[in-house]
Each structure stands twice: as C-alpha cells, then as structure tokens.
Participant: 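For reference, the structure I am asking about is given below.
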Amino acid sequence: MYREFKQLNLPEIDKTILEFWEREQVFEKSVDQRDAANSYVFYEGPPSANGKPGIHHVMARTIKDLFCRFHAMKGQRVERKGGWDTHGLPIELSVEKELGITKEDIGKSITVDEYNQKCKETVMRYKDMWDDITRKMGYWVDLENPYITYTNEYIESVWWLLSQLYQKGLLYKGFTIQPYSPAAGTGLSSHELNMPGAYKEITDVSAIAQFKIKGTENEYFLAWTTTPWTLPSNTAVALGKNITYVKVKAFNRYTKALTYVILAKDRLGAYFTEAKADLTPEEVKPGNKPIPYIEIVAEMKGSELEGTEYEQLLPYVTPNKPAFRALLGDFVSTEDGTGIVHIAPTFGADDFKVAQKYDIPPLMVEDEYGNPMPLVDKKGQFVKEVSDFAGRYVKDYGQEEERSVDSDIVIKLKTENKLFHSERYLHSYPHCWRTDRPVLYYPLDSWFVRASSMKDRMFELNQTINWQPKSTGEGRFGKWLENLQDWNLSRSRYWGVPLPIWRTEDGEQELCISSMEQLQQEIDKANAALGLQQTLPKDLHRPYIDGVVLVSDDGQEMKRELDLIDVWFDSGSMPYAQWHYPFENKDKFEQKFPADFIAEGVDQTRGWFYTLHAIATMVFDSVAFKNVVSNGLVQDKHGRKMSKRLGNAVEPFETLATYGADATRWYMMSNSDPWENLKFDIEGIGEVQRKFFGTLYNTYSFFALYANIDGFKYEQTDVPLGDRQEIDRWIISQLNSLIEEVDAAYAEYDVTTATRKVMNFVNDHLSNWYVRLCRRRFWKGEYTADKIAAYQTLYQCLNTVSKLMAPVAPFFADWLYGNLNTATQKESNISVHLADFPKADSSAIDKKLEQRMNYAQRISSLVLSIRKAEKIRVRQPLQRALLPILDASFQEQVEEVKDLILAEVNIKDLEYITDTSGIVTKKIKPNFRTLGRRLGKQMKNAVQIINGLGQEDINQIEQSNQYTLSINGDTYDLTLEDFEIITEDIPGWQVANDGALTVALDVNISEDLEAEGMARDLVNRIQNIRKDKDFEVTDKIEVLVEQHSGVESAIEQFGSYIKDETLAVELTSSAELTEGEVVELPGDIKLHIKVQKANL
RNA sequence: UCCGAUGUAGCUCAAGUGGUUAGAGUACUCGCCUGAUACGCGAGUGGUUAGUGGUUCGAGUCCACUCAUCGGGACCA
C-alpha cells in the first residue's frame, strides 16, 4: 500500500525523515557507497560558533549542500568535513565585553592564560545551536570529526605553511601606517574604525604652510593641513600631475612680506580676491580670508614642478636621505586646500606610499634602544627632539593646557613667515571606540606576506577557476588581485595563532619554526646553551609559547615576535591544516587538493576566497578550488540589510519550524540566482509551499488513492512506450527532456534554472495537464493495460521528480521516494540520496510530440479565451472551431491531439482551413533576423514595402515560396523564410491569436447545443446536491425536476445522459414540485430539484 | 569620494550571439466547486524596460553620462 495522508505537513516530514536518516545513517552510506577514486572534493568554510546562526547561513549552506548531494547522486564520493573558526578579534571583543575589561587589563587584572581560556570557552558557545540548525536544515556535513582552528595540530600546519613562505622569502617585517589609539595604546582594525560613532565631527586648527623653494628669495609652495602637529615630520609635498598651478605675487598677511606663492589655479578664488597691481602691504589684513594679490606671474602643470626642492619647514630632525621635494600623487585633488598636499610619511598611509615610491625617507629618531621611531611616541606625545613641543600631546588625550599644540605650532609658523593662513576647521575624524579619544595614523611594526610579488601568478591561476557568477571572479576578485597589496599578518592580540618567529634582540638573527619537532630540537639546543629547563608547551597559544626562549647560532637569546597572525590565514590554511598536513594524512591531502567546489557569500571575496587562493598559489603553485559559488546577501523584503537594530532579521529556527526546511531552501534557490541579493520575503516561502510542494503532494495523493484501490504495485513489466497513449508518451518525453536540462543546470552550478524547470514540469505539465486530462483513466473502468500504463507513467514521473529535486529539497524528495518505493520495492535504495541521478533516455524524447501537445495547450487556451470574451460558459458545447493551417505538418500534428482539444474546450469538431484565400485576412511582416543581415540599411524601405503587401501578394508568396524585392534599383530574391505571415482575422468569426497560432470559434448555439449545455448544467446541479447530502459515490438516486420550459428539451434529448452521469435510476419532471433544492440555471432559470436515494 | 553590482508590471523574477505584440508567478478584476488539489482552475487588467544622449536599418540588450539601491575600498591633506 502507498501511504496516504490527511494533508501536507512539511515540518512533520522533516522530523520523520531526519529520524530516518539518523537511524539508518543515510549520510554516511551516501558517502561510503561511492568509490574514493571518483571523488568530488568540497571544502567547508568554517563558521564561528561565537555568534548565532542566521537565515543567511541557511542560504549559504543550502548551496553547499545541494551541489554535494547532486554530485553524490552522480556517483562521486563527497566527503564533507566540517570545521570551526575559533580565533579572532570578534571573539576577543565579546570576551572583553562580557568580563567588562579592556585590552589593557589583559596581563594585569587577568592573566593571558585566563583570558585565552575564556576565549576558548566562548568560541563554542553556540555550537549546539549550530549543530541544531545544521540538522534541521538538512545540511549534510561531518560534524563528528570537524577541524578546529585552535588545536595544536591545526596550528602546527599553519606554522608549516608560514615557514614555507618564510623560506621562499615571502615573509618580512616592515612598518605600515595604521589606525592607532594612543589612549588605548593599541592599533585598531578597520572594522573597529567602521563601528558606528567612530567618526565624530570635531574642530581642528588648520594651517596653510609656506614651503620655501630652494634657491629662491621668497617663493613658496602652499600646502594645507588639518593636522599641524604632523608638520615637523614633513618630508615632501605632493602635487597633481595634470592640475594647473599658478604663481601669485602677494603680501603675507601676517608679516607683510612680499611673497610668490604657488597653488592650484582652481583654488585661487578660495584665498584671493582680486588682482591689484598697486597693492600695499597695509591693505592685507590677517582677519580677511580671501585677500587681494598683486599679480599672477606664472602658470604651470603639476608635472613641471615634479622634483622641485624646498627648504625643510621645521628643522628639528635631519633626515638620513635627500628629502623635501615636490612629488606627484594621484590622490591630490583641488576640492579643498591648495591643490598641494603636505606629506608626512610617518603619519599617513598615502603619504607613506608616495614617499616610498619616490624614495623619500620618513622623519625618524632613535628610541632608547636605538630603534627608529617617529616624532610622536606611542602615548601621542612629541619626542624630546621636537624641542619646543617635547612631551606635548598632539591631540586631545585629556591633558589640560592653555592652547593645543596645533595652535602653538601655527603661532610659531606665523612668526617665522612660514604661515600663509590658518583657521578653525570642522571635519569628521576617527575616534577610538573604547576610549572615545582621537585616533592617529601611526607607523606600526608588522609582519607581511609579500603577496604582491606573486600577484601575476595568482591572476593567472584565477583565470582557471570557474566563478559563479563570472563577474565576481573577473571583476571583483580579478581587480583585487591586480592591485594586490602585501598582506599584513600581524595582530597584536592574544587569542590566535602565534607567529612562529624568534629573533635576537637586535633583530639581526631570526628563526622561523615549522613544526613541533623542530621547536623541540631548538628548545633542547637553547636549554643546553643557556642552561634552561624549558619543555615543549602543551598549548601552542600565548602565553606558553611566549615563554620559550631559543638560542641563535652565536649563542644569543632569541625571543618570539609577540604578534599573532591574521585569523584569515587560519581559514585559508584549512585545505592543509584540516588534515594536519604535512605531519599526517599526506595521501588524504593529495586526494583532496584542490577542491572541486566551495561556496560562501560574496563578502568572502577578499576574505576566505582570497586567503585560500593566496596560500595555495604561494606555497603550492596551485589553485585551491576549481569551482566557486559566491552567494549574495540576504536582505529583508524591502531590500534592506537585515540587522538586530532594525529588528528585521529573520529567525531561521522559526522559519524552518513553520515552513519546513525544503520550502525554505527551495524558495531561496528558485526565487533568484543565489549570487543576486535575495529580498527575503516569508510569503514567498508560503507560495513555494502551496504551489510547488502542495501540487506535488496532491499529485502523489491522487496516485496513491487510486493505485491502492486498484492494487497497482508496479509488478507488471513496463508497457512499451509505443503501446501507451499519446499523452503518456508526451509526459515521458517531457520528463526525459527535463532530466537533461536539470542535470545540465546542476552541473553548471545553476540551481535556479534547475528548480524552476522542475517546478514548471510538476505544476504545468504533470499536474495541470497530464493528471487532469487523465483522471478518468485512473478511476473509471477495469484494471486494464491502459490503466496500468497510466499508473506506470505517473509513477515514473513522480519517482524521477523525487530524484531531480532531491539536492534542493532533500526531505520531501526522500519522503516521496520512500512512499513510492516501500510500496513497490522497485528500487533497492532505502533513500533517494543513495540513488543515482536519473539518466535521460533520449529515445523517449519526441520533440514533435512535445510540440503538438504544446499546440493543444495553446489552442485550448485560445478557445477558452474566446469563450470568456463571448461570455459562453465551458459547459455549453459549441459546434466547431476553425484552424488556419500554418504549414504542411501542422494539420497532421494537431490531428493527433484533436480529441484532447475537443474534450478540453467542449466543442464538437475542429476544422482546418487549407485554402485560406478570400476567407482569412493575413498580416505579413518581414523576418528581421534573416533580412536584417542581408539588407542592412535598406531594411527601412523593405519594411515599408513588405508591410504594404496586400492579401493577393501574401497568397502569391505562400504559394510560390518566392518574392522579388526591389529597392532603389537593387533586387533581392526572398523566400517564405524571410517573412512572418499570421492570420489576423476571419471575417464573421470570433478570433484569437497566440504568436503564429490562430483560432476561430463558431459561437452559434443551436437548439440542440443549448439543450446539451443545459443537460450538463443539470448534471452539475444534481451532483452538487448529491454531494451536499453526503451520498456515497456509488449511491443510486431518483431525481425529480420541476417543470420548466427552459429545461424541457434538455431532459427530453439528454435524459439518459443525465441519468448516466448522476447514477439516477429515474429522472422525471413534475409541474407541482415545491420540495427539494432550489437551483439556478443559465437563462435566469430557478427551479426545484429533488434528489433522493433510490429504493432498490 | 573611488570601484563593482543591480535597476524590466504594485511585488518577486524571465527575456540564445542586438531582430519588431517585453513574458511568468504573485497581487488585483471577472468567471468557475463532479470523484487529486479553492492551499485549486481558467480568462483578463497592468510596462515611456530608472532617466538623458549616442552607436545601429533595428537597443531591455552595446556605449557615455545622470539618478537610485546594495556591497566593497578610501575618509587622507
């Protein structure tokens, strides 16, 4: 028996199937039954269990899951090792928040050990929740043996990778300008800077300084700055290559000295009013912002000024290399300032970069250990070399002072004739989110991966990767690789993979550790040389690893560089570290590298996708993955980002519990391509549930109901296709076409097409055409070969659909498959996920058959459309429809499906018009596709000529299949192919068109037809009454109809038909009937009908 | 501000290499309850394809600019 159900309950199915999977270990079997030699390698991008799973995780994991399931069904072995990302700043921050501490407390009020212990506990906080969502959404991944990034084994593999980079000379120490909070004494990540409220509007003193050009008496560059405290560190000025500059003769407003100042022509108006040849110094007052000038003495492009040397503005410290020159920078604009930018390489990222390019040194002094440091120390105070301002804070760090150091610097410049102008300036400036104090851009020591040196190779290898969508790979990722910067690995944090580099105090000698074994050897060596008792730490994290002192070849102590590495390196290491490669599982790794498939959100483009690619390229000269699907964001239904703050985040557990995993998954995959941002609308899931799963469920229920009655268990051999009805062969043909299309779509990682095709097949073809038209075959008559053929056909469709949908809707598919196969035992698999993906039988595909059924559907639709327009109900039979034939095969084709059409639209006959001349009005159009290429510019004239052709000409063309077109003396021989001819109208008939198809309907209703229509309505009313009275389907009845002129002939002519349809043993009319039900019939007829069970 | 993506019916999405009635579903209107399904079926209304300009015989499709939304980077003088 096939199981029958009261109604569709997807969440219930989820539960049942989930239990079944676990009980039968279906996932394990689906992997184990496939040969390792035919592997499909998938890498799981590790989530962090530190946060709760969201609906976007369901999205991303649906994609991962479905392609793995698909390939498993295609016969490949698809192992899916899970993983957890356990390190990183977000975890540290959440721990600090919880403990109510800041970074500064670590090592003081809490030991590093305790702190890291706390991180380790926190990191798996929501693991249960993640495991739960993984189960409930049907994501098959091995959670028993996941890789965990904080384990010693994982770290050891990461170390090995780092040492590989180190040996290739790809790891170096340098400094970069990074956001740094002197108040907190820590560098800030860009994500901390992007926290809401980080940028505040503050007022600073801005200054336009005069940089005196070397070898001149009184010529100056004017450069603007909002941070006068960086002026002592100035070593260059930057100009725009294509910006036009002017040299202006003017008086200094403070000193009244005659000067020639250079600034961008576009900025002239911001600082100067008008030219006055006889200007006197007294006319220029300090308070006036724009001031008059004497004249413009020269004009030049920025490029002409490149290399111009000037005198140091504030000579506290002398640089060790030539400096103080004009450079060209593409970041220079004329939107504000002077079009000349002051460059302090120690305090600006752009400054640093452009200075490096021109080999201009930063201004540095030596600290107490002799190491170089900038003119401002890590507390934000000027160093002693900046004599007048030594010890002063450069920004507001809570100190009390009369004037800010910026103001004092401005005053100093003013008195030395080095200031052009100064004013207060309101701008937004980043602040430390913990201390609320201003951030400085500050040079910090960091370890870098020389990724830029490998960018060409990365770019090349990227071209072999199949990106879905393509644009992300070529555009976003490709562009990123083209402009690749070195990878800053350093994080001055506690909970992460420690950098395995030990250095002597002078930094002259260093050692990069590549394994525990090597570390042990080095420890032994150090113990011997230094007389220590060190042992290998049990935990490779800080603080234990920090305590390890090693020894250099010449006997010096070596200490570990205190940095941790960027967590992104952790996750990019997973192809190797998940197997503890190269220390274990060498063969395993070799089998599983690179991945066939990975998938994550687009936000991972510069994250995981990049780190995987970079490490694989640099260490193995290989791609890390061959196919990648990057999915878009999940937004709310209005296209806004989901966030806790807006309260529009969708709760995944709730969604799964309400709609079931399959409807949710199916909705997300079918609604739009996964790489588009998904406007997540919960009603869309409801729609999928109703329209797709509901329909498929009903189709199954229908099948089960009658198959159980007839005892169909698919015991008979298949009825040969040739012996089955046309409509059976049609749906089988459609089904096989569907298999081909869906298989291809999945293979190309195009799940949206796959799901839409399946949906379309189930709704339009299977349910609404095949089953609807075949209903009678299932319930009427004996258990004949034809009936068996119908069952076999429908069974095959359902069974195949279950396999086609299985990757996306694994629960329902397995439920459906199970219901079918437990009854028939036709396939030996206990689960659809152990089955092979269906193979299309191309011999069963009959495109001509598909075409003629398509005609049948469209012709039916046209007839119904005319009925509707003419307000003639379908129950009213009509005599005939006319069909102008399109081409030779058309009539033949339609003839095959004629009976279907007649029954479907309730007409008696279908007639073809072959000789259409004089009967129909035709319309002719040029075929733009064929003619456009040939005619080119003549097309316009041709259109005019062709559209002007009359009925005669059209007939002529149709018969002779040739036409000579002449335009302006040129002639072209055209054939029927070059035209589109459609029947527009049949005078005197009601006509409808659909593309080239035209249908005319005879809407005359003869008395006979009217009576037959009435008879059908009577049947309908009587059946309704039967149903209202809850009669059994098999009950015989007696019918008494009130006498009425409108139904007389119906009862007379079609009495036996009515009796037959309603199982009436008697049908009589009576003039005086006042009992029974009042029914309304066409023609405003109201009368009584009395129905009662027959006494037999 | 720079880079990228997107913009088609009220909403969610389609429209081979440019080819002439821009299609589905949903919503809405109207009509249909007889043995699978009203969680259904049928028919209809609904578009200046964001805007402007260009290339072309022909543009939703190609190009330029503008606007809007989203994402990423920069926020520095």
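Below, chains carry the letters A, B, ... as their sequence lines are ordered, and counting in each starts from 1.
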Participant: Parallel, tilted or perpendicular: which one describes the rings of A/Trp480 and A/Tyr610, with boundaries at 30° and 60°?
Facilitator: perpendicular
Participant: Answer yes or no: are there more than 12 heavy-atom neighbours, outside A/Lys757 itself, under 6.0 Å from its atom NZ?
Facilitator: no
Participant: Which part of the nucleic acid, if any, lies within contact of A/Thr1062, taking any heavy atom under 4.0 Å across all strands shown: a base, the sugar-phosphate backbone alone, or nothing?
Facilitator: nothing
Participant: Looking at A/Asn1024, does any N or O in its side chain come under 4.0 Å of the phosphate oxygens OP1/OP2 on B/U34?
Facilitator: yes
Participant: Give the rounded distance in Å between these two atoms: NZ of A/Lys679 and C1' of B/U12.
Facilitator: 8 Å
Participant: So A/Val1019, base contact, sugar-phosphate only, or nothing? Heavy-atom distance under 4.0 Å.
Facilitator: base
Participant: It should be established whether A/Tyr706 places a side-chain nitrogen or oxygen under 4.0 Å from OP1 or OP2 of nucleotide B/A36.
Facilitator: yes
Participant: With a sphere of 6.0 Å drawn around CD of A/Glu683, does it hold more than 12 non-hydrogen atoms of other residues, nucleotides or ligands?
Facilitator: no
Participant: Measure up the A/Phe347 and A/Tyr442 rings against each other and bin them: parallel (under 30°), tilted (30 to 60°), perpendicular (over 60°).
Facilitator: tilted
Participant: A/Asn768 CG to B/C39 C1': how many Å, rounded?
Facilitator: 15 Å
Participant: Does A/Glu980 come within less than 4.0 Å of A/Arg929, counting only side-chain N to carboxylate O?
Facilitator: no
Participant: Checking all strands, does A/Arg875 fall into the base, sugar-phosphate, or nothing category for heavy-atom contacts under 4.0 angstrom?
Facilitator: sugar-phosphate
Participant: Could you tell me whether A/Phe712 and A/Tyr706 have their ring centroids closer than 6.0 angstrom?
Facilitator: no
Participant: For A/Asn927 and B/U20, give me the distance from atom CG to atom C1', rounded to whole Å.
Facilitator: 11 Å
Participant: Considering every strand and a 4.0 Å limit on heavy-atom distances, what is the contact class for A/Gly348: base, sugar-phosphate, or nothing?
Facilitator: nothing
Participant: May I ask you to say what A/Gln938 touches in the nucleic acid, namely base, sugar-phosphate or nothing, with a heavy-atom cut-off under 4.0 Å?
Facilitator: nothing
Participant: With C1' as the reference atom in both, quote the distance from B/G25 to B/A15 in angstrom, rounded to an integer.
Facilitator: 15 Å
Participant: So A/Thr230, base contact, sugar-phosphate only, or nothing? Heavy-atom distance under 4.0 Å.
Facilitator: nothing
Participant: For nucleotides 21-30 of chain B, give me one character per nucleotide, 5' to 3': B if any protein heavy atom sits under 4.0 Å from the base, S if the only such contacts are to the sugar-phosphate, - if neither.
Facilitator: B---SS---B
Participant: Students often get this wrong, so: under 4.0 angstrom with heavy atoms, is A/Glu683 touching a base, only sugar-phosphate, or nothing?
Facilitator: nothing
Participant: Distance check, C1' atoms only: B/U45 and B/G31, in whole angstrom units.
Facilitator: 14 Å
Participant: Examine B/G16: is either OP1 or OP2 under 4.0 Å from a nitrogen or oxygen in the side chain of A/Arg929? Give yes or no.
Facilitator: no
Participant: Dot-bracket for RNA chain B, please. Rules: Watson-Crick or G-U, both distances under 3.5 Å, ( ) within the strand, [ ] when a pair crosses earlier ones, | for another strand, . otherwise.
Facilitator: (((((((..((((.....[...)))).(((((.......))))).....(((((..]....))))))))))))....
Participant: With a 4.0 Å cutoff (strictly under), does any side-chain N or O of A/Tyr441 reach OP1 or OP2 of B/C76?
Facilitator: yes
Participant: Across the strands shown, which category fits A/Ser701 at heavy-atom distances under 4.0 angstrom: base, sugar-phosphate, nothing?
Facilitator: nothing
Participant: Strictly under 3.5 Å: I want the nitrogen or oxygen pairs between protein and nucleotides 4-6 of chain B, one per line.
Facilitator:
none

Participant: Taking CG from A/Leu766 and C1' from B/C41, how many angstroms apart are they, rounded to a whole number?
Facilitator: 16 Å
Participant: Looking at B/G44, I'd like to know if its phosphate oxygens (OP1 or OP2) sit under 4.0 Å from a side-chain N or O belonging to A/Ser865.
Facilitator: yes
Participant: In whole angstrom, give the distance that lies between atom CZ of A/Arg772 and atom P of B/U34.
Facilitator: 14 Å
Participant: How do A/Thr695 and A/Ile340 order along RNA chain B: which one's closest nucleotide is nearer the 5' end?
Facilitator: A/Thr695
Participant: Could you label the plane-to-plane angle of the A/Trp467 and A/Phe609 rings as parallel, tilted or perpendicular, counting under 30° as parallel and over 60° as perpendicular?
Facilitator: perpendicular
Participant: Is it true that atom CD of A/Glu4 has more than 12 heavy atoms of other residues, nucleotides or ligands lying nearer than 6.0 Å?
Facilitator: yes
Participant: Which is more 5' along RNA chain B, the nucleotide nearest A/Asp351 or the one nearest A/Phe928? Just name the residue.
Facilitator: A/Phe928
Participant: Which value, in whole Å, describes the distance between the P atoms of nucleotides B/A9 and B/U61?
Facilitator: 15 Å
Participant: So, A/Asn760 versus A/Arg756: side-chain donor-acceptor pair below 3.5 Å or not?
Facilitator: no
Participant: Rounded to whole angstrom units, what separation is found between the CZ atom of A/Phe477 and the C1' atom of B/G71?
Facilitator: 17 Å
Participant: Any N or O donor-acceptor pair linking the side chain of A/Gln7 to the base of B/C39 at under 3.5 Å?
Facilitator: yes
Participant: Indicate the ring-plane relationship of A/Phe703 and A/Tyr700, choosing parallel, tilted or perpendicular according to the 30° and 60° boundaries.
Facilitator: tilted
Participant: Send over the distance from A/Glu904 CD to B/A43 C1', rounded to a whole Å.
Facilitator: 14 Å
Participant: Please report, rounded to the nearest Å, how far the P atom of B/U37 is from the CG atom of A/Asn698.
Facilitator: 8 Å
Participant: If only side-chain N and O atoms of A/Ser672 are considered, is one of them under 4.0 Å from the OP1 or OP2 phosphate oxygen of B/C13?
Facilitator: yes
Participant: Any side-chain N or O of A/Asn1020 under 4.0 Å from OP1/OP2 of B/U34?
Facilitator: yes
Participant: Just N and O in the side chain of A/Asn671: are any of them under 4.0 Å from OP1 or OP2 of B/U12?
Facilitator: no
